[in-house]
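Scroll down for the structure; my scribbles are underneath it.
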Amino acid sequence: MKNLLSMESVSNEEIEAILKRAAEFEAGAKSQLERDYLVANLFFEPSTRTKTSFETAERRIGATVIPFEAGFSSTLKGETLYDTVKTLESIGMDAVVIRHKKDAYYEELLEGINVSIINAGDGAGQHPSQSMLDLYTIFKEFGKFEGLNITIAGDVSHSRVAKSNIIALRRLGANVNIVCPTQWQAEFEAHHDWDDLLETSDVIMLLRVQHERDAAFEGYSDESYHTRYGLTKEREKRMKDGAIIMHPAPVNRGVEIDSSLVECERSRIFKQIENGVFVRMAIVENILKGRN
Ligand code: ASP
């Protein structure tokens, strides 16, 4: 892969190769990069997991991570994203990992930029590396995607994780259902009640209420949202044997999920984070090797 921009731009075969390589890394494989590659992580929006996870992955495969602090960069002097990325390319970066509040920010970079771009989240657009680590987590659990019932619950309209996962999981043969208030279903069909989704789902994936994106939380308080759409203790009891709970985090405890369920037996929330490092090692390695 030259870039990783969205899940539409990745084939099922490429996904399969990334998941396979991630499993090798998890089993202890070492990366053998042929030269010293330089990578910078440009996070123009807050991040705990994704930034640290990419940095850890880059170091583990032997790439050199060049520090970049968006809050202290020339962006504050009005420099455009294109000029910032072109500057890093001129300094010698091989790849940049970018998170930006603008949907599809990468479109303005595709012409004129040669450095590889890894999208670490574009506004309410996509979050492909999160999707890949979610796929890895699901595949490790069930050994397949075909025929799995996956329910995504929450603010789909503002969730780049949901958008990437809906595209990828449906293309891989999973049955994806959505449950959320009408104002958050975006262009997707959705249930407005849990109906029988608790009893039939293999995976329940919860989404964070995106308060910072002016999520229209109309008509709901944290409590009333939790009662109507959250994963409460009572709802968890109705889930079928072997079904798992996922959440990309950060979690609003007591809103989309009861706090006591965050680390319950079914929860894979911290497993997802652990898996993310192996998956990002595979993604960055794939992209850097493609530059030889
Ligand atoms: N960390 C994920 C993201 O950046 C999920 C979230 O923030 O809700 O999209």
Side-chain angles (χ1 to χ4, degrees), residues 4-8 10 41-57 70-71 96-106 117-138 150-169 176 178-181 183-186 188 203-217 220 222 225-226 229-231 245-257 259 261-262 267-277 279-280 283:
L4 175 63
L5 304 176
S6 69
M7 291 313 277
E8 285 100 337
V10 192
N41 301 301
L42 284 58
F43 280 67
F44 298 97
E45 276 196 331
S47 172
T48 297
R49 274 150 293 275
T50 308
K51 186 165 188 274
T52 319
S53 177
F54 264 114
E55 220 173 289
T56 306
V96 287
V97 176
I98 305 179
R99 168 170 292 184
H100 200 280
K101 68 172 190 308
K102 190 170 169 215
D103 287 19
Y105 67 77
Y106 46 79
I117 299 161
I118 302 176
N119 179 12
D122 60 294
Q126 293 221 13
H127 196 342
S129 70
Q130 175 74 42
S131 177
M132 296 259 207
L133 77 87
D134 289 343
L135 296 177
Y136 184 68
T137 304
I138 294 169
I150 299 187
T151 296
I152 300 183
D155 186 0
V156 173
S157 61
H158 295 89
S159 172
R160 50 198 177 203
V161 178
K163 310 256 177 57
S164 287
N165 275 335
I166 293 167
I167 292 164
L169 285 164
V176 180
I178 292 166
V179 55
C180 67
Q183 68 258 33
W184 285 347
Q185 73 187 76
F188 304 101
V203 178
I204 293 195
M205 187 183 290
L206 302 157
L207 303 174
R208 184 176 64 88
V209 174
Q210 311 259 310
H211 290 294
E212 80 281 20
R213 291 185 210 287
D214 303 324
F217 208 36
Y220 292 99
D222 285 356
Y225 179 81
H226 184 65
Y229 290 106
L231 192 63
I245 298 167
M246 296 173 68
H247 189 310
V251 173
N252 291 310
R253 286 176 181 258
V255 184
E256 57 265 2
I257 181 169
S259 187
L261 299 178
V262 172
S267 170
R268 296 296 179 269
I269 298 176
F270 287 95
K271 238 327 168 218
Q272 287 171 264
I273 297 168
E274 207 179 302
N275 291 337
V277 176
V279 170
R280 290 185 172 112
I283 292 171

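Whatever order the structure lists them in is the order used to number ligands and atoms, beginning at 1.
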task: Would you check, one step at a time, whether the test ring pair (Phe, Tyr, Trp, His ring centres under 6.0 Å) holds for W184 with Y225?
output: CA-CA 12 Å; W184 285 347; Y225 179 81; 5.5 Å; yes

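Residues P128 and L5 share a closest heavy-atom pair of CG-O, 3.6 Å.
The R208 neighbourhood of ligand 1 comprises atoms 6 (C), 7 (O), 8 (O), with distances under 4.0 Å to a heavy atom of that residue. For ligand 1, the atoms closer than 4.0 angstrom to any heavy atom of R99 are 4 (O). Set against the non-hydrogen atoms of Q210, the atoms of ligand 1 under 4.0 Å away are 6 (C), 8 (O).
Under 3.5 Å, the side chains of T137 and R268 contain no donor-acceptor pair of N or O atoms.
Geometrically, R99 does not engage F43 in a cation-pi contact, judged by NZ or CZ lying under 6.0 Å from the ring centre and within 45° of the ring axis.
Heavy-atom separations between S159 and ligand 1 are all 4.0 Å or longer. In this structure, A249 is part of the shell of residues with a heavy atom less than 4.0 angstrom from ligand 1.
Closest heavy-atom approach to atom 3 (C) of ligand 1 within the set R160, K163, H158, R49: this belongs to R160.
A salt bridge does not link R49 to E274: none of the charged nitrogens lies less than 4.0 Å from a carboxylate oxygen.
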